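Everything below concerns the one structure shown next.
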Amino acid sequence: MPPTADISELVAKILETTENADPSTLTISNQPRGNETRASTLKGQSLQGLGLKHGDLIFVSYKSQAVPSAPPPPVAENGAPHLPTSAEQSRRLWESVKEDPVDEYWRSKDGKIPRGRDSRFCKHGANAMCDYCMPLEPYDAGYHAEHNIKHLSYHAYLKKLQPKMSSSTSSHLPPLEPQSYKVKVPCPSGGHPNWPAGICTACQPSAITLQSQAFRMVDHLEIASTDIIERFLHAWRQTGLQRFGWLIGRYEPYPEVPMGVKAVVEAIHEPPQEGELDGLSLGIPWEDEPRIKELAKSAAAPLTIVGYIFTDLEPTPEDRTKVAYKRHPQSFYLSSLESIFAAHVQNANPTLSRSSSTGTFASRMVTAVLTGTEDGGVDISAYQVSEQACAMVDADMIEASVDPGIVRVKEEDRSEDNARYIPDVFFRYKNEYGLEVKKSAKPCFPVEYLLVNVTHGFPQTPAPLFRSNKFRIENRPGLEDQHIESVLQDLARLRAPELAENPNGGDFQQRVELAKWLSDWHLVAFLGTTQLINPEDMKVLARVASSPDLEDPSILDPLFRTESWQTLMTFTRETAPRRPTTSAPSTGPSAMDEDIPQDVFDQIAREQESATGSGGNIRICPHCTFENSHGGTDCEVCGLPLDG
């Protein structure tokens, strides 16, 4: 702007860069604080007259205009409007978070570890307590060492961080802060251009010392049934190609660890992928993810994606029935590439937490690997990656190397498009003399520093949410193709249309058999893609299929009352052959045979006569046209009477 320009021109340009500013409240100053002057009082003066010249910094402040469509403020009980205080506004971010039910459960418990009376040291009465029998804190180091528990549970870790005095002001502040190794933009000091043009100690991340994480978000991975793993392994056994699947389940308390959390897997959903002998390719995020997550929420016990599983199996050359032992202490447990992928997945699925200033902290996504054991069998290994790993991946600091057990630290980049700041990274280890040594992690370090072990197992008395795993699995083209025709045939075999026509009657065993057949995750997920069942009715189907009491005769009634089920039954009747009302054969044409044209019977009679003349004993079914060579009265294929 020329020096002779009016101040109103500068004000107009300032207002162009603001959002909803009130021009009457605009003030300008040559200092960050103080000497503010309303711009409306400077009209008619030039920039030169005000002492402003090229290169001067002008500090502007203003108030926003009131938005007419803003909702009215909440009203208190006495009728006066309730205006939130600054403290309420600052707390709203994490106090409004809706946590997982397992978190709400543990927040209502003190988590103390009960101990019985010590016969050697306790000298008091039955109703008294001393240091030898009083409950332990959930983070007690001696208890964890005695029971070989390597990591604290998430809520035990919170108990350790929280102050002892709950009445103090600090106890109401969230104790967790998500880690970040990115350069702060803009710089808090404001004394230099933003990164990568400038950097200082106020905006650059501190040096990183890699160490074992003290806690873990999930303590145990439980597979609800061995059939889930067997069905997942079926594809590898048939093709030899590696497979990947998302774990559908829920989180529950895990009593084996103080204030522990376990992920219970009820199903494995396989996304589109291209398997190979030594790996696989898949897209993240996958197109069907929102629908699958919404469908999982509709289950009787709401489900979610709790992690993922993949195979790393290779038959041994000497014995093809055994699997090579590839992952062990002398090689690696989780490769650097797999660890970085796990960090990406965990960063994309944070855990909602009222104990974090951002409302989210870490992630409960579990990485499970099906790999060979030392004796040639197949077993599961479960892991998570640490918060340090997630922060380093988020800051684009590390990458995979050729050696699967080594992680490589990237080089620093100050280009405008791909700016990357790499702070000093160290890790500690014990040398050959048993002394702890601190070493630089550049250019590479062992991947074990990023891993957190998670135990795994199967329940002693399995009670899976989905009772069946027989339906064809999705995204296995050529191996297991899903078709609506097969669904309609199974519905006809189970006499579903008859049960739908008489919802209050029907055979009890038929109802139970139909309910158990419907209780299949892969079947429910497939029906959602057929366009025959609307989204609201899909929720009803998901609740019925995952009901814990499938033996209840009325469990199918809500599904029978939906319009989508009636539509599905209509298609079943039109595509499937009718069944006779009685099993006894009739000598004359029955009501079932009235739909078959007479010329069909004439043609069958001619073919049977020619077959008899040639010495054969073939009877052709008028319903499915199958040539029956036995002497029975019913068709071998459809089971219907052969008498026309």
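Worth saying up front: this structure is predicted, and the values here are computed from it rather than measured.
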Using every non-hydrogen atom in the two residues, find where [X] and [Y] come nearest and quote the distance to one decimal.
X	Y	value
Ala156	Pro138	CB-O, 3.7 Å
His192	Cys200	NE2-SG, 3.2 Å
Pro205	Val183	CD-CG2, 4.0 Å
Ser153	Gly260	CB-CA, 3.9 Å
Pro271	Gln273	O-NE2, 3.0 Å
Ser24	Arg38	O-NH1, 2.7 Å

Do the side chains of [Y] and [X] get nearer than 4.5 Å, heavy atoms only?
X	Y	value
Met397	Pro423	yes
Leu26	Val60	yes
Pro174	Leu176	no
Asp396	Lys410	yes
Leu465	Leu303	yes
Leu527	Leu532	no
Trp521	Glu266	no
Ile268	Ile248	no

Within the side chain of [X], is there an N or O that forms a donor-acceptor pair under 3.5 Å with the backbone of [Y]?
X	Y	answer
Glu338	Tyr333	no
His144	Leu152	no
Ser8	Lys43	no
Arg364	Val306	no
Asp424	Ala207	no
Glu99	Arg354	yes
Asp537	Ser564	yes
Gln384	Met365	yes
Tyr143	Ile149	no
Ser336	Ile406	yes

| query | How are the rings of Tyr308 and Trp246 set relative to one another: parallel (under 30°), tilted (30 to 60°) or perpendicular (over 60°)? | reply |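 If you compare the ring of Tyr308 with that of Trp246, the planes turn out perpendicular.
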| task | Evaluate the ring planes of Tyr157 and Phe215, with Trp represented by its six-membered ring, and classify them as parallel (under 30°), tilted (30 to 60°) or perpendicular (over 60°). | result |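 Rings of Tyr157 and Phe215: parallel, under 30°.
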| task | Only counting residues at least two apart or in another chain, list the ones meeting ring-ring contact (aromatic ring centres under 6.0 Å, His included) with Phe526. | result |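 For Phe526 the ring-ring contact (aromatic ring centres under 6.0 Å, His included) partners, ignoring immediate neighbours, are Phe471.
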Compute whether any side-chain donor of one residue and acceptor of the other, for [X] and [Y], lie under 3.5 angstrom apart.
X	Y	value
Arg107	Ser355	yes
Tyr154	Ser353	yes
Ser401	Asp403	no
Ser281	Glu274	no
Asp103	His155	yes
Ser356	Thr358	yes

| Residue pair Thr27, Ser61: steps toward the side-chain hydrogen bond (donor to acceptor under 3.5 Å, both in side chains) verdict | CA-CA 5 Å; Thr27 63; Ser61 65; 2.5 Å; yes
Rounded to the nearest 0.5 Å, what separates atom [atom1] in [X] from atom [atom2] in [Y]?
X	Y	atom1	atom2	value
Ile7	Leu10	CD1	CG	4.5 Å
Thr4	Gln48	OG1	CD	7.5 Å
Arg243	Leu280	CZ	CG	8.0 Å
Lys262	Glu222	NZ	CD	4.0 Å
Thr209	Phe426	OG1	CZ	6.5 Å
Ser386	Leu451	OG	CG	8.0 Å

Solution key, residues 339-349 side-chain donor-acceptor pairs under 3.5 Å, sequence neighbours excluded:
residue, atom, partner, partner atom, Å
Ser339, OG, Ser335, O, 2.9
Gln346, OE1, Val385, N, 3.1
Gln346, NE2, Val385, O, 3.2
Asn347, ND2, Ala343, O, 3.2
Asn347, ND2, Cys390, O, 3.1
Asn349, ND2, Val345, O, 2.8

| request: Test Val452 against Tyr383 for side-chain contact (heavy atoms from CB on, under 4.5 Å), laying out the working first. | output: CA-CA 6 Å; Val452 177; Tyr383 305 94; over 6 Å; no
| query | Under the 6.0 Å and 45° cation-pi test, does Lys159 pair with Tyr139? | reply |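 No, Lys159 and Tyr139 do not form such a contact.
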| request: Would you check, one step at a time, whether the test side-chain hydrogen bond (donor to acceptor under 3.5 Å, both in side chains) holds for Ser415 with Asp413? | output: CA-CA 6 Å; Ser415 63; Asp413 188 351; 2.9 Å; yes
| said: Show, in sequence, the C-alpha distance, side-chain angles and deciding distance for Tyr421 and Glu412, and conclude whether the side-chain contact (heavy atoms from CB on, under 4.5 Å) test is met. | reply: CA-CA 5 Å; Tyr421 178 78; Glu412 187 171 308; 3.6 Å; yes
| Is the number of heavy atoms from other residues, nucleotides or ligands under 6.0 Å of Lys442 NZ greater than 12? |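 Above 12, so yes.
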| request: Verify the neighbour count for atom CD of Gln45: are there more than 12 heavy atoms of other residues, nucleotides or ligands below 6.0 Å? | output: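 Buried by this count: over 12 neighbours within 6.0 Å.
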| request: Any chance you could lay out the salt bridge (Lys or Arg N to Asp or Glu O under 4.0 Å) test for Lys539 and Glu536, step after step, and finish with the verdict? | output: CA-CA 5 Å; Lys539 296 179 180 180; Glu536 289 302 318; 3.8 Å; yes
| request: Could you please spell out the steps behind the side-chain contact (heavy atoms from CB on, under 4.5 Å) verdict for Val409 and Val407? | output: CA-CA 7 Å; Val409 180; Val407 181; 6.0 Å; no
| Residue pair Leu42, Ile28: steps toward the side-chain contact (heavy atoms from CB on, under 4.5 Å) verdict | CA-CA 10 Å; Leu42 301 176; Ile28 60 176; 3.8 Å; yes
